[in-house]
S.K.: 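Quick one: the structure is below, questions incoming.
No experiment lies behind these values; they were computed from the predicted model shown. Side chains are part of it too, since the values below use all heavy atoms of this structure and drop only hydrogens, waters and symmetry mates.
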Amino acid sequence: MLEYNLPRYLPSAEELPDSDETPVDNELQELIPGLLKAILLILWAERMDWLFVIDMGIYYHPDKPPIVPDGFLSLGVERFYDEELRPSYVLWDENVVPIFVLEVVSQNYRKEYTTKLDEYAALGVLYYVIYSSRRRRKPHLEVHKLVNGKYELQEGNPVWLPVIGLGIGCERGNYCGVTREWMYWYDEQGQRYLTPAEQIKQETQRAQQETQRAQQEAQRAEVAEQKVQQLTEKLRALGIDPDNLG
């Protein structure tokens with residue numbers, strides 16, 4: 001965990017810069033964490049004790065620049081505390097170190113596999129995840145877990161994260177109209193959770209199936225009613241009153 005050695009008087013989040021003004025290198029650095037957040041907003045819609053943000057600064061000392069991952073997740077914090085939301089993530093205000101940090105490697109390598117490993121370990125981040133679709137001889141996804149102050153690479157795809165209660169992995173799919181490899185959340189059995197668009201499609205198909213079943217039931221009821229009516233007419237033609245059958 002982070003060992004605080006801070007000044008006595010500390011600035012608030014509103015008094016600190018809310019961006020390092022460094023533009024992202026490509027759309028994937030926004031879209032990949034954006035998809036993870038969109039899925040969480042569905043999965044954890046009823047929970048208010050988590051925060052997943054994209055390209056937000058994590059302040060660990062008022063006199064040092066923030067660390068700005070592509071995305072990070074904190075548990076045990078307020079999802080939002082007023083309508084202005086958070087301008088940045090200030091550790092001495094939140095008192096919770098992010099449990100999950102994501103870095104999406106771009107063409108401009110930013111020491112994701114070296115310096116940042118040490119930075120996030122010193123911060124006390126439990127899971128440090130690195131994704132690079134450009135790798136050819138090594139896995140695109142690396143999940144590092146902090147064990148005794150050092151990161152250990154976790155095997156598999158997806159990788160189950162028991163403290164979070166989700167798995168993280170990557171596979172080909174479609175998001176925002178783009179078919180490629182994306183990162184997703186998974187359940188403990190390794191089943192991928194649906195994206196918002198997939199969930200809407202699934203709900204639409206389910207509603208259509210329910211409508212079809214209702215229509216089929218109505219048609220069967222109508223056919224049965226017609227058969228009853230035909231039988232009643234035959235009985236009356238034979239001089240039998242169907243209403244007085246004993």
S.K.: Could you name each residue pair satisfying side-chain hydrogen bond (donor to acceptor under 3.5 Å, both in side chains) that touches residues 151-163, not counting sequence neighbours?
M.R.: none
S.K.: Sorted by first residue and then second, give each side-chain hydrogen bond (donor to acceptor under 3.5 Å, both in side chains) pair with at least one member in residues 33-54; sequence neighbours left out.
M.R.: R47-D49
S.K.: Looking at CG of L123 and CG of L91, how far apart are the two atoms once the value is rounded to the nearest 0.5 Å?
M.R.: 5.5 Å
S.K.: Residues two or more places apart in sequence or in another chain: which of them pass side-chain contact (heavy atoms from CB on, under 4.5 Å) with Y175?
M.R.: L31, L35, W182
S.K.: Kindly compute the distance separating CG (L85) from CE (M56), expressed to the nearest 0.5 Å.
M.R.: 8.0 Å
S.K.: Find out whether H144 and I130 are in side-chain contact, i.e. whether some heavy atom of one side chain is under 4.5 Å from a heavy atom of the other.
M.R.: yes
S.K.: Would you find a donor on one side and an acceptor on the other, under 3.5 Å apart, between the side chain of H140 and the backbone of R134?
M.R.: no
S.K.: Using side-chain contact (heavy atoms from CB on, under 4.5 Å) as the criterion, list what pairs up with K64, not counting sequence neighbours.
M.R.: Y60, H61
S.K.: Check for me, please, whether L153 and Y127 land in the same ILVMFWY cluster - side-chain distances under 4.5 Å, paths through other members count.
M.R.: no
S.K.: How long is the straight-line distance from CD1 of I39 back to CZ of F52, given to the nearest 0.5 Å?
M.R.: 10.0 Å
S.K.: Can you measure from OH (Y193) to CG (L43) and round to the nearest 0.5 angstrom?
M.R.: 5.5 Å
S.K.: As a quick check of understanding, evaluate side-chain contact (heavy atoms from CB on, under 4.5 Å) for V125 and I99, giving each step before the final call.
M.R.: CA-CA 5 Å; V125 175; I99 195 170; over 6 Å; no
S.K.: Who pairs with W185 by ring-ring contact (aromatic ring centres under 6.0 Å, His included), at least two apart in sequence or on another chain?
M.R.: F100
S.K.: So, for I54 and E30, which heavy atoms are closest and what is the spacing to 0.1 Å?
M.R.: CD1-O, 4.3 Å
S.K.: Please walk me through it: do K145 and L126 pass side-chain contact (heavy atoms from CB on, under 4.5 Å)?
M.R.: CA-CA 6 Å; K145 182 179 180 181; L126 182 59; 4.2 Å; yes
S.K.: Which atom pair, heavy atoms only, marks the closest approach of G71 to P33?
M.R.: CA-CB, 4.4 Å
S.K.: Could you work out, with ring-ring contact (aromatic ring centres under 6.0 Å, His included) as the rule, every residue matching F72, not counting sequence neighbours?
M.R.: Y89
S.K.: Decide yes or no for V129 and L102: does some side-chain heavy atom of the first lie under 4.5 Å from some side-chain heavy atom of the second?
M.R.: yes
S.K.: Can you name the closest pair of heavy atoms from G76 and V96 and give their distance?
M.R.: O-CG2, 4.1 Å
S.K.: Tell me the closest heavy-atom pair linking P158 and G190, and the distance in Å.
M.R.: CG-CA, 4.2 Å
S.K.: Which residues pass the side-chain hydrogen bond (donor to acceptor under 3.5 Å, both in side chains) test with E198, sequence neighbours left out?
M.R.: R192, T195
S.K.: Tell me if a side-chain donor or acceptor on D70 pairs with a main-chain N or O of V104 at a distance below 3.5 Å.
M.R.: yes
S.K.: Could you report the tightest heavy-atom contact between I42 and P196, atom names first, then the distance?
M.R.: CD1-CA, 3.6 Å
S.K.: Quick one: closest heavy-atom pair of M183 and L36, and the distance?
M.R.: O-CD2, 3.6 Å
S.K.: Who are the side-chain contact (heavy atoms from CB on, under 4.5 Å) partners of R172, not counting sequence neighbours?
M.R.: T179
S.K.: Report the C-alpha separation of V143 and I168 in whole Å, then their side-chain angles, then the decisive distance to 0.1 Å, and conclude whether the side-chain contact (heavy atoms from CB on, under 4.5 Å) test is met.
M.R.: CA-CA 8 Å; V143 178; I168 188 72; 3.8 Å; yes
S.K.: Hey, could you give me the CD1/CD distance between I32 and E27, rounded to the nearest 0.5 Å?
M.R.: 11.0 Å
S.K.: Report yes if some heavy atom in the side chain of V53 is under 4.5 Å from a heavy atom in the side chain of R86; otherwise report no.
M.R.: no
S.K.: Of all residues at least two apart in sequence or in a different chain, which pass the ring-ring contact (aromatic ring centres under 6.0 Å, His included) check with Y120?
M.R.: Y128
S.K.: Could you tell me the separation between the CG atom of L141 and the OG atom of S133, rounded to the nearest 0.5 Å?
M.R.: 11.5 Å
S.K.: Salt bridge or not between R180 and E171? Use side-chain N to carboxylate O under 4.0 Å.
M.R.: no
S.K.: Would you check if the side chain of D118 reaches a backbone N or O of A121 as a donor-acceptor pair within less than 3.5 Å?
M.R.: no
S.K.: State, yes or no, whether a side-chain contact exists between R135 and E142 at a heavy-atom distance under 4.5 Å.
M.R.: yes
S.K.: Are any of the side-chain heavy atoms of L73 and L51 separated by less than 4.5 Å?
M.R.: no
S.K.: Consider only side-chain heavy atoms of I, L, V, M, F, W and Y, link residues closer than 4.5 Å, and tell whether L194 and Y184 are in one cluster.
M.R.: no
S.K.: Can you name the residues that form a side-chain contact (heavy atoms from CB on, under 4.5 Å) with E119, not counting sequence neighbours?
M.R.: I67, T115, K116
S.K.: Quick one: side-chain hydrogen bond (donor to acceptor under 3.5 Å, both in side chains) partners of S132, sequence neighbours excluded?
M.R.: none
S.K.: Apply salt bridge (charged side-chain N to carboxylate O under 4.0 Å, His left out) to R79 and list each qualifying residue two or more places apart in sequence or on a separate chain.
M.R.: none
